[in-house]
Amino acid sequence: MMRRLFPRPELSGILWGLWLLLVNSVSFGQILLGAFWAWLIPFYTHSFWPGVMSLRKPWLGLKFLGVVMVDILIANAIVARLVLSNSERLQPAFMLMPLDVKEDFTITLLASTISLTPGTVSADLTADRRHLLIHSLHVDDIEQTIAQMKQRYEAPLKEMFEC
Amino acid sequence: MLNVVIPIAFFMISAALLLNLWRLLIGPSLPDRILALDTMYINAIALLVLYGIYQQGEFYFEAALLIAVMGFVGTVVLSKYLLRGDIIE
Amino acid sequence: MSLLLIVLLPLLGAVLPLLTERFGRNICAAVAVAAPLISAGLIISQLPAIFAGDIPIFHVPWLSNIGLDLSLRLDGLSLMFGLLITGIGLLVIFYALYYLSNKDSIGKFYAILQLFMMAMLGIVMADNLLLLIVFWELTSLSSFLLIGYWSYRSDARKGARMALAITGGGGLALLAGALLLGHMVGSFNLSVILSNGELIRDHKLYPIALVLILLGAFTKSAQFPFHFWLPHAMAAPTPVSAYLHSATMVKAGVFLLARLYPALAGSEMWFFIVTFVGLITLVYAAYTAMMKHDLKGLLAYSTISHLGLITMLLGLSTKLAATAAVFHIINHAIFKASLFMAAGIIDHETGTRDMRKINGLWQYMPQTALLAMVAAAAMAGVPLLNGFLSKEMFFNETLHLKSLGLFSWTVPVLATIAGIFAVAYSWRFIHDVFFNGKPVDLPKFPPHEPPPFMKAPVAILVVLCLLVGIMPNLTVAPFIDAASAAVAGAELEPYEISLWHGFNLPLLMSFTALAGGLLLYSQRRGLFAFYERGFHLDEKLVFEARVQRGVRASQWITNTLENGSLQRYVAWFVGFTLVMGVVGIWPLANMTGTRPLMPLDGVSVIAAILLIAGSVGTVLIHHNRLASLLLLSVVGLIVSLIFVRFSAPDLALTQISVEVVTIVLMMLALYFLPQLSPRQSGTLRIIRDIALSGAAGIGVTVLTWAVLTRPYETIAGYFLENSVSGGGGTNVVNVILVDFRGFDTLGEITVLALAAVGILAMLRTLQLPNTSDPRSWAREIYPPILAVLARVLLPLALLVSAYIFMRGHNQPGGGFIAGLVTSVALILQYVSSGLSWIQERLRWNYRSVAALGVLIAALTGCGAFIFGYPFLTTSFTHIHWPLVGEFEIATAMVFDLGVYITVVGATLLALAQLGMLTHPSRIKRKLTEEIA
Amino acid sequence: MEALVAIAIGVMTSCAIYLMLRARTFPVILGLTLLSYAVNLFIFVMGRLSTGNPAVIGSGETYPDPVPQALVLTAIVIGFAMTAFILVLALRARVELGNDHVDGNQEGRT
Amino acid sequence: MELFVEIVVSICLLGGAAFALVGSIGLARLPDFYMRLHGPAKASTLGVGGMVIGSTIFFSTRGNGLSLHEILVVVFLFITAPISAHIVAKAALHLQLPTVARTRRPENKS
Amino acid sequence: MSHWILIPILLPLFTGLALLIWSDRICVTRAISATSALALLAVDLLLLQRAAEGTISLYALGNWPPPFGIVLVLDRLAALMLVMTSVLALFVIWYAACDRDQPGDSLHPLIHFLLMGLNGAFLTGDIFNLFVFFEVLLLSSYALLLHGGGKERARAGFHYVVLNLAGSALFLIAVSLLYGVTGTLNMADMGQRIAQLDPADRPLAITGGLLLFAVFGLKAAVAPLYFWLPSAYAAAAGPVAALFAVMTKLGIYSMVRVYSLVFASEPGLLLPWLWPLALVTLAAGIVGVLAARELRRQVAYLVLVSVGTLLLGVAMNSQQALAASLYYLVHSTWICAALFILVDLMRQQRGLLEDTIESGPPLVQGTILGIFFFVACASVVGLPPTSGFVGKVNLMQAVSSTVEAVWVWPALLISGLLTITALSRSGTTIFWRTTGDVIAQSRAGVMPMVAVGGLLLISIVFSFAGDPVLSFMSDTAQQLADSTAYLEASSLFQPVERGDIR
Ligand code: NA
Ligand code: NA
């Protein structure tokens with residue numbers, strides 16, 4: 001019964017929070033209204049969410065988020081330097097990263113993280129979903145970069161969602 | 001202080017927009033142009049936020065939010081067109 | 001009332017034959033006879049009154065606003081014509097029964113004939129000039145049908161068309177003339193018009209009116225140079241010729257001259273035009289009649305000639321001439337009808353009308369021959385026959401002509417020459433047909449006498465010829481008196497119709513004509529040879545050729561103007577608009593108004609640069625369609641930024657959302673269109689286009705500047721004041737949309753739903769051609785990373801949508817934008833996960849959804865009815881709930897919900913329907929992949 | 001500022017009309033879309049230019065004229081409907097006629 | 001407004017604007033498509049992020065209470081920007097856009 | 001306040017929506033559609049009766065008083081146009097229901113939406129609302145034009161749509177320009193404000209008026225803006241073409257309405273233009289009638305001829321001429337519609353030849369169709385006893401006392417003569433110059449015949465019982481010439497008292 005009324009409790013929670021954020025208010029009325037939407041929208045759209053996974057380890061998630069945010073700042077500083085420097089000296093490369101994560105949702109998170117962080121953009125996913133093609137603006141050692149990304153991003157993601 | 005900073009920021013964003021336009025006009029490839037347009041959308045958001053501070057009004061949030069949504073959808077659809085031609089199939 | 005019956009009975013008679021045709025020809029004819037018989041009886045019943053000088057009048061107001069009343073009169077002239085029309089009509093009905101073959105529909109024939117009869121009676125009895133014209137045109141129309149009765153014959157069709165064009169055209173001229181007359185005297189009532197002759201003749205418009213009316217009369221009566229349609233009308237069945245082209249329709253022209261005689265005659269202009277047109281027609285047609293080998297052709301030209309004679313008499317403008325004209329109208333009708341009927345018998349029995357083949361019929365059909373010979377003698381003007389009497393009156397009148405001074409002698413001479421030819425062609429009709437050796441190659445041989453009933457009408461008419469010719473005073477004199485009184489006034493000059501006036505000049509002319517005619521006929525071979533050497537037009541061919549040339553010229557013009565090029569049409573539109581704009585703005589003295597200007601800032605300049613670059617760039621790279629689409633998006637983006645810049649966040653939100661949906665639509669369509677537009681325009685074309693578009697741009701710039709620099713007073717203050725108190729919302733733009741001008745919005749969402757319906761209708765039946773798609777496409781249909789994100793975004797977007805919807809009344813937002821956001825979120829699902837994926841989850845009939853949205857909005861509007869308020873009157877209330885606080889419930893929100901639903905339904909309908917289109921090669925590949 | 005706005009609208013109109021005078025359906029539709037942008041701006045500025053606060057009661061002392069804004073919204077929606085319709089029509093015409101000419105060039109070319 | 005807040009806001013704005021500009025410079029001057037992709041994907045997004053944080057601070061300290069909803073724009077951008085980059089890159093790969101010669105490639109992928 | 005005025009807009013709207021939502025069975029669709037059309041006619045007649053008394057009724061939507069809210073205004077002209085349209089619609093729907101509404105299920109709803117747009121345009125007293133209703137009816141007309149699909153419809157449809165979109169853009173420019181100058185949208189109010197405008201600024205308002213002329217001229221198919229018409233009408237399906245007979249008249253209506261109300265203070269605004277344009281339009285129409293190779297195209301050009309004729313009347317700028325024009329407007333609408341339906345019927349009986357003006361097989365029902373064709377042609381040419389004659393005579397009389405008669409009369413008469421020539425050619429070719437055997441299975445039933453016959457009968461009744469009609473037209477023209485009554489009705493209008501619900 002609860003499951004049918006609230007097919008996606010975590011989604012409902014997020015939506016509730018987002019509503020309050022949107023309306024910039026925590027008045028009782030808005031809390032009530034937010035709750036209404038948080039119930040209504042998942043109720044009608046949960047069938048659109050087949051592949052979305054649940055977060056198993058929230059604390060790990062928070063830690064991961066922190067890491068990524070710091071990395072983003074660093075990434076941008078690096079990119080800024082690279083962009084403004086003499087582009088002749090850049091050493092771009094396509095790298096093929098083998099994937100341990102299996103689910104589309106996790107792969108998506110991984111690909112997004114990689115794109116947001118230092119000098120790399122995930123450009124393609126092979127049809128068998130076993131490799132991610134990554135373009136790097138400037139890289140010296142491809143193998144080492146891949147290994148670093150797997151350890152820094154893929155491992156926690158796998159742990160959070162797929163274990 | 002802000003009345004110095006804001007014009008400078010305006011100037012920088014404007015310059016960014018002009019650079020986007022430049023890329024959009026010269027291409028050379030369609031993905032380049034799509035990318036330029038996408039960037040233009042993002043810079044437009046920056047411009048709006050800046051304008052909001054400048055005008056001290058909060059009416060620009062929704063526009064910024066929608067530009068973000070629409071810019072994304074536009075980029076996706078354009079890229080899908082290049083990939084598959086038929087964007088809805 | 002009986003006057004109305006006289007006219008309308010034949011109309012009834014037009015219907016009955018059609019209904020009774022199935023019961024056999026005889027019954028049909030019997031029924032057909034009834035109406036004219038009663039009409040004739042009714043006319044005769046009025047005889048005593050009319051001979052006593054009364055004029056029965058029937059008057060019912062009809063279209064008084066245009067001066068057209070149902071007024072009928074039965075004066076002497078009407079009486080005479082009425083009897084001719086009904087009497088000869090009866091004989092023709094009788095005759096046609098035996099003339100028309102079983103293959104011809106006799107019911108149809110009688111129907112049209114009686115329709116015509118009604119029209120003819122209407123003409124002669126109308127007491128209102130416009131009513132006369134109504135009937136006049138009806139004769140043109142019904143005669144068109146009669147001439148074209150044998151519609152399978154080319155000459156019948158062409159003859160009918162020509163007759164209609166000439167007489168119909170003349171009718172239009174007559175209409176103009178009649179309107180002028182009415183304008184002069186202030187009434188279309190004939191009694192008024194006829195009694196205002198002097199006023200009319202002195203009016204400055206008289207010459208124009210006269211010419212126009214004469215055009216009508218001359219075309220109808222086949223006067224030179226409009227005579228040529230009549231011989232070609234002989235393609236009609238002979239009963240039609242006998243009726244229309246001798247006794248009635250062609251007489252309508254001279255009737256009109258006689259009818260309007262009191263109003264129009266008496267001027268020099270009348271005299272010269274009418275007399276000379278009549279004279280020329282008389283002589284020319286008599287000469288031509290002689291040369292025709294076709295029996296009916298001879299009779300046709302003879303008819304033209306006699307009409308010329310009557311016309312000329314009316315032109316002479318003396319009272320005696322008018323009397324002679326009236327008399328000759330009767331005589332000609334009688335002998336010519338009988339001659340046509342005789343000719344019809346001959347044609348019927350021999351299968352040809354060519355007098356070179358028809359010879360010596362005396363031996364085969366002596367009774368017919370006798371009848372025809374008497375009638376022909378009457379036509380020639382042989383004494384003791386009716387034609388002689390009126391012709392002699394005519395000769396007499398020509399001698400009294402003094403207006404031409406020294407040249408007055410030419411008229412009687414020409415009249416005599418015409419008389420000679422008349423005798424010659426009459427004699428030819430007798431000699432060439434009934435004697436002159438043996439028949440040559442007759443299609444039907446041997447000919448024999450027709451059934452007695454077919455001869456009877458001829459016989460009756462011939463007897464009339466004799467009766468009138470021998471004892472005119474006992475037969476026609478009262479009718480002539482009455483008729484000429486109606487034409488030329490009651491107090492007639494004393495005259496006497498008698499066989500013998502003693503030896504005088506007219507008698508000499510008559511005998512000169514008789515002797516000369518016989519002499520001329522004896523020299524016919526030389527004459528025919530002379531005629532053949534001359535130049536002859538087949539007027540029918542000339543007419544058709546002219547029409548053809550006109551048609552071809554028209555086709556050339558049309559094809560040149562309307563070359564199917566949208567570019568040209570748009571250019572015309574732009575050009576026209578430019579002219580209008582320039583004409584309007586030119587007198588503006590000060591381009592710049594008094595309003596203080598807003599200072600310029602750097603960001604705005606940059607935005608303008610982007611905007612202009614985007615626009616110009618779209619044009620410059622429009623050959624690369626996708627790229628130009630991208631530049632167009634820049635324009636859209638900047639426009640929405642401009643809206644923000646100048647305090648219109650609602651517009652910005654709408655613009656940016658619409659923009660993306662439009663781009664999606666464009667790409668959906670672009671996939672099936674060529675990707676490139678080849679460069680095709682020539683330099684000149686480009687220069688023209690730049691000039692046009694540049695001018696338009698300058699125009700818009702000037703207008704914008706002129707308005708922006710001027711102050712104005714606006715109704716906006718009312719909206720700002722009443723938005724909160726009356727509309728219940730602080731976002732005035734939204735309150736205008738859903739309340740102050742909610743009706744606009746209702747229309748607008750109707751348009752949106754309609755567009756979707758139209759798109760659905762267009763796409764549902766679209767069959768894509770089965771061609772291969774040469775482009776190479778990625779194999780992966782739904783990139784998984786995109787699909788995941790799109791699914792994650794859906795509830796978020798819906799939340800944003802709800803947010804925008806809820807706040808619309810008080811803050812920027814509203815149902816329309818919310819609907820677009822929802823749509824965009826769903827479009828993203830379509831793009832990333834595919835149609836079938838959505839269809840499994842959303843089983844909506846989008847068309848019904850769109851319609852439902854409009855329905856909700858409209859029903860919300862109707863809700864106000866319950867409380868006695870007009871449509872779309874909104875209501876709102878503030879509710880206090882403990883803890884929750886105060887919140888507002890407004891009907892406008894329900895209206896806005898309708899908008900939202902419409903937008904979602906319509907947008908998704910368009911997109912899903914377009915998306916469903918798939919290149920045929922794709923379906924094939926998909927199938928093979930699934931199998932593999 | 002007024003001059004800048006006027007010129008920008010003028011240029012947009014020019015470009016739009018130039019595109020509408022092209023020989024193929026797609027550029028014509030681009031032109032129509034561009035024209036509707038220009039027209040929307042034109043309607044909008046007929047309420048004169050104003051900076052600062054939108055026409056939301058309570059957001060400031062003076063407000064811009066909200067009427068043209070409402071008109072523009074209606075015009076945008078109608079323009080959107082029309083664009084969608086004509087796009088599909090262009091598609092339909094292309095399939096039915098085998099080409100996308102609008103210059104009266106009948107058959108033969110694609 | 002306190003000077004401290006003003007300084008923080010100024011830094012955010014200038015930093016954000018700088019990043020946005022850098023992203024666009026990258027887009028304009030880097031030699032091949034894949035390299036140009038990096039600017040917008042990261043720098044511009046972060047640029048907007050910086051400015052939005054500045055804006056949030058600015059509006060939250062003006063006495064009308066906390067105003068956090070601008071953050072949503074940033075969140076949204078950060079979610080979508082990598083995907084945009086990804087899908088455009090896919091398109092570029094499909095079209096086989098050229099790279100600068102020195103770009104290294106994995107052996108089994110063209 | 002009575003809600004009746006609203007019915008001509010709401011009834012078609014609800015009918016259309018209902019047909020869209022519940023569109024399962026075609027016979028139900030037809031029944032609903034026809035019933036609604038009949039009801040609409042009844043309501044319109046009621047409104048006509050009310051308007052004929054001379055009162056001008058206002059209806060304030062949303063209970064907002066003019067000039068702020070949108071008002072519907074029912075005067076004689078509006079009522080006349082409503083009745084004319086609903087009579088036409090009834091016959092068209094009747095004819096469409098004779099299985100001419102296939103394929104698809106959208107013809108009937110679209111017709112009703114078109115009616116909604118037309119009626120809205122006739123009733124509204126607000127110039128922007130006029131634009132909105134124009135769009136409603138235009139979009140319906142686009143979809144209707146394309147009904148049935150095919151090459152010609154696609155080609156003509158695209159041209160029609162693009163030109164009308166350009167027209168709509170111009171409409172917006174003109175309306176917003178007028179707003180920018182006067183600050184109002186209510187037509188009566190706008191007229192008053194223009195009259196009080198500083199003379200220095202007046203050219204701006206006049207420019208708006210002249211730009212509107214281009215818009216209305218495009219809809220009315222005035223030369224040189226008529227190029228869309230022949231192909232569009234010739235390509236449209238039979239019922240659609242018949243319905244479209246009213247479309248050009250809408251342009252004329254709009255001119256009459258806007259220039260008599262909004263630009264009442266500038267009476268000579270259009271005169272220098274109407275004259276020559278009317279003559280050129282007439283000439284273009286005649287040339288087209290002569291040139292046409294298909295009947296439908298010929299009838300389409302006849303529509304153009306009627307536009308030219310009407311404009312001549314409007315250009316005369318006199319009450320009498322306007323009254324005459326109004327009569328002619330109604331007559332020509334109905335008769336052109338009858339011709340389109342008739343030609344559609346004839347086309348079905350001629351096999352592959354369709355409506356080309358060439359010798360072909362005899363028509364199965366040649367006699368009855370021939371009679372109809374004959375009567376219709378007589379009416380369209382202006383021969384008695386049809387309404388065409390009354391219309392033409394009336395028009396000619398209206399100018400008889402002016403100098404312009406020198407132009408108008410010959411134009412009318414020569415156009416009549418040339419039309420006779422052309423139509424007699426096509427009629428004799430199709431009905432008389434026949435070869436081969438009839439196509440027996442193409443026989444039409446009684447119902448479609450009734451549709452044509454009914455319209456023709458109305459044309460004849462319209463002429464025989466024309467006197468009250470002519471008087472009504474005269475009153476209408478008088479009401480239009482003097483806009484004070486309209487303005488008074490507008491200024492004295494009071495919204496419904498607000499009770500406790502607000
Ligand atoms: Na002979
Ligand atoms: Na598709």
Side-chain angles (χ1 to χ4, degrees), chain B residues 1-2 4-6 8-20 22-24 26 28-32 34-36 38-50 52-53 56-58 60-62 64-65 67-69 71-84, chain E residues 1 3 6-7 9-11 13-14 16-29 33-34 36-37 39-41 43-45 47-48 50-52 54-55 58-59 62 64 67 69-70 72-74 76-77 79-81 83-95 97-98:
Chain B
M1 186 172 193
L2 274 177
V4 183
V5 168
I6 289 175
I8 295 173
F10 265 133
F11 173 77
M12 289 160 87
I13 301 293
S14 301
L17 280 168
L18 286 178
L19 287 169
N20 300 152
W22 170 246
R23 177 52 71 193
L24 183 51
I26 64 162
S29 69
L30 280 166
D32 276 306
I34 296 174
L35 192 60
D38 189 57
T39 316
M40 208 177 238
Y41 269 82
I42 295 174
N43 285 329
I45 298 171
L47 198 64
L48 274 185
V49 173
L50 204 54
I53 299 173
Q56 312 211 348
E58 294 188 64
Y60 312 101
F61 159 65
E62 291 80 17
L65 189 61
I67 290 178
V69 176
F72 170 67
V73 174
T75 306
V76 166
V77 168
L78 285 163
S79 305
K80 176 90 194 270
Y81 183 81
L82 292 183
L83 283 166
R84 290 287 299 169
Chain E
M1 192 185 289
L3 183 65
E6 205 171 327
I7 290 171
V9 171
S10 298
I11 289 172
L13 291 184
L14 281 181
F19 271 119
L21 183 57
V22 165
S24 295
I25 291 174
L27 178 72
R29 71 182 284 264
F33 169 79
Y34 304 98
R36 294 196 274 269
L37 187 58
S44 297
T45 313
V48 173
M51 303 191 74
V52 165
S55 163
F58 177 82
F59 283 111
R62 286 197 320 153
N64 296 341
S67 171
H69 61 180
E70 287 101 323
L72 276 176
V73 178
V74 184
F76 187 85
L77 275 183
I79 296 174
T80 56
I83 312 295
S84 300
H86 174 76
I87 194 93
V88 182
K90 264 180 95 78
L93 285 169
H94 169 67
L95 296 177
L97 292 191

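We name chains A, B, ... by the order of the sequence lines, and we start the count at 1 in each one.
- Closest heavy-atom contact between Val49(B) and Met51(E): CG1-O, 3.7 Å.
- Ala18(E) touches chain B through backbone and side chain together, each having a heavy atom under 4.5 Å away.
- For a residue to count as touching a neighbouring chain, one of its non-hydrogen atoms must lie under 4.5 Å from one of that chain's; by this rule Leu14(E) touches chain B with backbone and side chain alike.
- Once rounded to the nearest 0.5 Å, the distance linking CZ of Phe76(E) with CD1 of Ile67(B) reads 12.0 Å.
- The part of Phe59(E) that comes within reach of chain B is its side chain, from C-beta onward, which places non-hydrogen atoms under 4.5 angstrom from that chain.
- In summary, of the residues considered (Thr39(B), Leu19(B), Asp38(B), Leu24(B)), a side-chain contact (heavy atoms from CB on, under 4.5 Å) with Leu27(E) occurs for Thr39(B) alone.
- To the nearest 0.5 Å, the span separating OH on Tyr34(E) from CG on Leu35(B) amounts to 12.0 Å.
- Considering CD1 of Ile6(B) and CG of Leu13(E), their distance stands at 6.5 Å, rounded to 0.5 Å.
- Residue with the most contacts toward chain B among His69(E), Arg29(E), Lys90(E): His69(E) (heavy-atom pairs, distance under 4.5 Å).
- Across Arg23(B) and Ala28(E), no two heavy atoms sit closer than the pair NH2-O, 2.7 Å.
- If you measure heavy-atom distances from Val4(B) to chain E, you find no contacts under 4.5 Å at all.
- Among Ile83(E), Leu21(E), Val22(E), the residue making the largest number of heavy-atom pairs under 4.5 Å with chain B is Leu21(E).
- Proximity to chain E is absent for every atom of Leu47(B), based on heavy atoms less than 4.5 angstrom apart.
- Here the CG atom belonging to Leu77(E) is positioned 13.0 Å from the OH atom belonging to Tyr41(B), to the nearest 0.5 angstrom.
- In this structure, the side chain of Glu70(E) does not engage the main chain of Phe61(B) through any donor-acceptor pair within 3.5 Å.
- Contact detail for Pro31(B) and Val88(E): the closest heavy-atom pair is O-CG1, 3.9 Å.
- The greatest number of non-hydrogen atom pairs below 4.5 Å with chain E, out of Ile42(B), Ile53(B), Thr75(B), is found for Ile53(B).
- Between Ile13(B) and Ala17(E) the shortest heavy-atom distance is CD1-CA, 4.0 Å.
- Taking each heavy atom of Ser24(E) and Ala16(B) in turn, the nearest pair found is OG-CB, 3.4 Å.
- Proximity to chain B is limited to the side chain of Leu95(E), based on heavy atoms less than 4.5 angstrom apart.
- Looking at Leu97(E), the atoms closer than 4.5 Å to chain B (heavy atoms on both sides) all sit in the side chain, from C-beta outward.
- Contact annotation for Leu83(B): both backbone and side-chain heavy atoms come within less than 4.5 Å of a heavy atom of chain E.
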